[in-house]
Participant: 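Take this structure, written in structure tokens, and hold onto it; I'll ask about it next.
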Amino acid sequence: MATLSIKGVRKSFGSVEVLKNIDIELEDGGFLVLLGPSGCGKSTLLSIIAGLEPGSGGDIVIGERNVNNVHPKDRNIAMVFQSYALYPTMAVRRNIGFGLEMRKVEAKERDAAVQRAAELLQIEHLLDRKPGQLSGGQRQRVAMGRAIVRDPDLFLFDEPLSNLDAKLRVEMRTEIKRLHDRLGTSVVYVTHDQIEAMTLGTKVAVMKGGVIQQLADPQTIYEKPANMFVAGFIGSPTMNFLAGTLEQMDGALALRHGGATLALPGLEQDAQAFIGKQVVAGIRPETFYPGQGQGTLSGTVDVVEPTGPDTMVILNVGGQLLTARLGSRGRPKLGDTMTLGVDTAAINLFDPESGNRI
Amino acid sequence: MSRVLYTAANPPARSAWEAINPMRMIGELSETRYWMYLLLLPSALLITAVVLYPTLYGIQLSFREMRLNRPALGTDWVLFKHYARMLADPIFWTALRNTAVWVTSSIALEFTVGLIAALALNRNLPGTKVLAVLILVPYFLPNVVAGHMWALMLDPRLGVINDLLVKTGLLTGYKAWFADPSTAMAAAIIVEAWHSFPFFTLLIMAGLKGIPTDLYKAADIDGAGPFAQLRLITLPMLKTIIAAAVILRVIGLVNSPDLLLILTNGGPGRATQVLSLYAFQTAYKDFNFGYAGALSVVMFILLMGFAWAYIRLSKVNQD
């Protein structure tokens, strides 16, 4: 177990800068998720932490040790790859024990460690098979077995669940969380799946264009996104953005959008400086509820999408489409006029120019 | 108008034309199990004409007398006479031993150089794409051209190699590499390896492209050094390709006498006499086709045995 400090890490490929001054601190036993769309630099950052790729600047410190010039094998890390990267010509037993074999650990000790890891992951019955004879989920388990068998300081996961089907992905996600709770080893986990980020991470770094957009715990990222990119990237269906003018009305703030006015009592943000200016209100679909409320919006029903537990209603409010997640009861009809209350305390206001949260 | 019910027991009557309509007959034939043999017939005829007949003819030749320069002997069956003669023929045993040396040494050298070249070219350094094409040049040269080229370069009086070796002090005097029984075979093996190593390079490079880079990253983290990675990941993953390449090269080397024919013609003495060259000379110098046929049959059996044993030993079929 160890802490991880990423200090001012940069990476350029020629003139293209893919990582710009990344700073992250991860506590001992923490679970850091690097989240972002394809090409945001998250996998490159992971490779730099692993030592598989040199950084163009900055420091990686694992525990107390600066590992900038340390070979991957000497960093005491273990990595699970998206492709699993199991050695196809070796049986599962040797795959798991390969790291120990290369470190000249005695066969007896090695077998015992492999056995322990296999028991933990419930793959004892697969030990004599070759990777080609395993299913996707089983390969995933073997890859995790190979990682935990050495008892490393740091686990690195590079989109480990991307190649699994939806059901298995949920199962393995739970498995990874259980494993982390049990072993308590620090983890860096790369994914583009926000659900994985929210469920697994103790800390989430949302990245875009080689820059960390926000580094915080999952709840903060969800409730108080630092900017419109983070707000739009996290949450499904995505956050609604309603542009309008901020006004003072009856002692409280209100957003005027076209002909409609959304009163914003109980808004936590200090937005006094933006009165009379354009702002964007970020409203999560689940903050809507049927009927009147502190703030109220009316519009015509454009689309109704029942999902089982919820009904998604897309509402046309003055030409802008807003998605509301409503309970399963009461399905509005297309074209109906509908009035929805909004939990205004959960609204985030953004500066449309910078995109940042006010 | 009465309606007729056609059943299997009561089919509609055929017109006279229907009975001989070829399209209808083909249609009916296509529903039977003979159809598949009919479809195989063109390829079967072709294979019989160009593979099966010559092979069987060659085998039956080995059991007959056939000497073109002594027609008086006739072309009668002699059963195992040629094979019995072979057992007592010292040239045959020398050629067999030389063939083993020629084939194993050439392939060992070609494989080693080919593997090193493929690994180097696979690193995607600047210029490797051009080098990858240039390195194939020797393989593009016909054996005859390559043979004459090297014969000239190794020539004791005119050759550039002797000149360089003498000038650098590695050799005291000009040497006739192919005239000395102690160096003839080695010199020929080097020429052969130079000519054919790109074959291994090409196939191994194709194989290397198929190995996922993640494996090497995982091995890096697991602590496997470059040699361990080569031994435990690269070579096992190339097993099938290497096996195929070795079998193809062995067949090529055992069967083609052309390079040795040009460089040494089996000499000096019998220092570089190999089976294929011996069979060739027996047929086209001595005109003894019966004995040459027997030599060819032995080569054929040896190659079959080798390929079978090699595939079994390299466990290619097990993965």
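Proteins come first, then strands; the chains are lettered A, B, ... in the order of their sequence lines, and each starts at number 1.
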Participant: Parallel, tilted or perpendicular: which fits the ring planes of B/Phe111 and B/Phe200, with parallel below 30° and perpendicular above 60°?
Facilitator: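 Rings of B/Phe111 and B/Phe200: perpendicular, over 60°.
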
Participant: Heavy atoms only: give me the nearest B/Ala146-B/Trp194 pair and the separation to one decimal.
Facilitator: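 Answer, listing the atom of B/Ala146 first, then B/Trp194: CB-CZ3, 4.1 Å.
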
Participant: Taking side chain as everything from C-beta outward and backbone as N, CA, C, O, which of these in B/Leu232 sits under 4.5 Å from a heavy atom of chain A? Side chain, backbone, both or neither.
Facilitator: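 For B/Leu232, heavy atoms of backbone and side chain both lie under 4.5 Å from chain A.
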
Participant: For B/Gln229 and B/Ala224, work out which heavy atoms get closest and say how close.
Facilitator: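 For B/Gln229 and B/Ala224, the tightest heavy-atom pair comes out as NE2-O, 2.9 Å.
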
Participant: Does the side chain of A/Val70 come within less than 4.5 Å of A/Arg65's, by heavy atoms?
Facilitator: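 Touching, per the 4.5 Å side-chain cut-off.
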
Participant: Between B/Ile233 and chain A, which part of the residue has a heavy atom less than 4.5 Å away: side chain, backbone, both or neither?
Facilitator: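 Interface part for B/Ile233: side chain.
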
Participant: Using non-hydrogen atoms and a 4.5 Å limit, figure out which bit of A/Ala78 sits close to chain B: side chain, backbone, both or neither.
Facilitator: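 It is the backbone, since no side chain atom gets that close.
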
Participant: Heavy-atom cut-off 4.5 Å, strictly under: side chain, backbone, both or neither for A/Arg75 against chain B?
Facilitator: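 It is neither, since no heavy atom gets under 4.5 Å.
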
Participant: Does any backbone or side-chain atom of A/Leu156 lie under 4.5 Å from a heavy atom of chain B? Answer side chain, backbone, both or neither.
Facilitator: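 It is neither, since no heavy atom gets under 4.5 Å.
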
Participant: Kindly confirm or rule out a cation-pi arrangement of A/Arg146 over A/Tyr87, judged by NZ or CZ under 6.0 Å from the six-membered ring centre and within 45° of its axis?
Facilitator: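 Yes; both conditions hold, so A/Arg146 lies above the ring face of A/Tyr87.
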
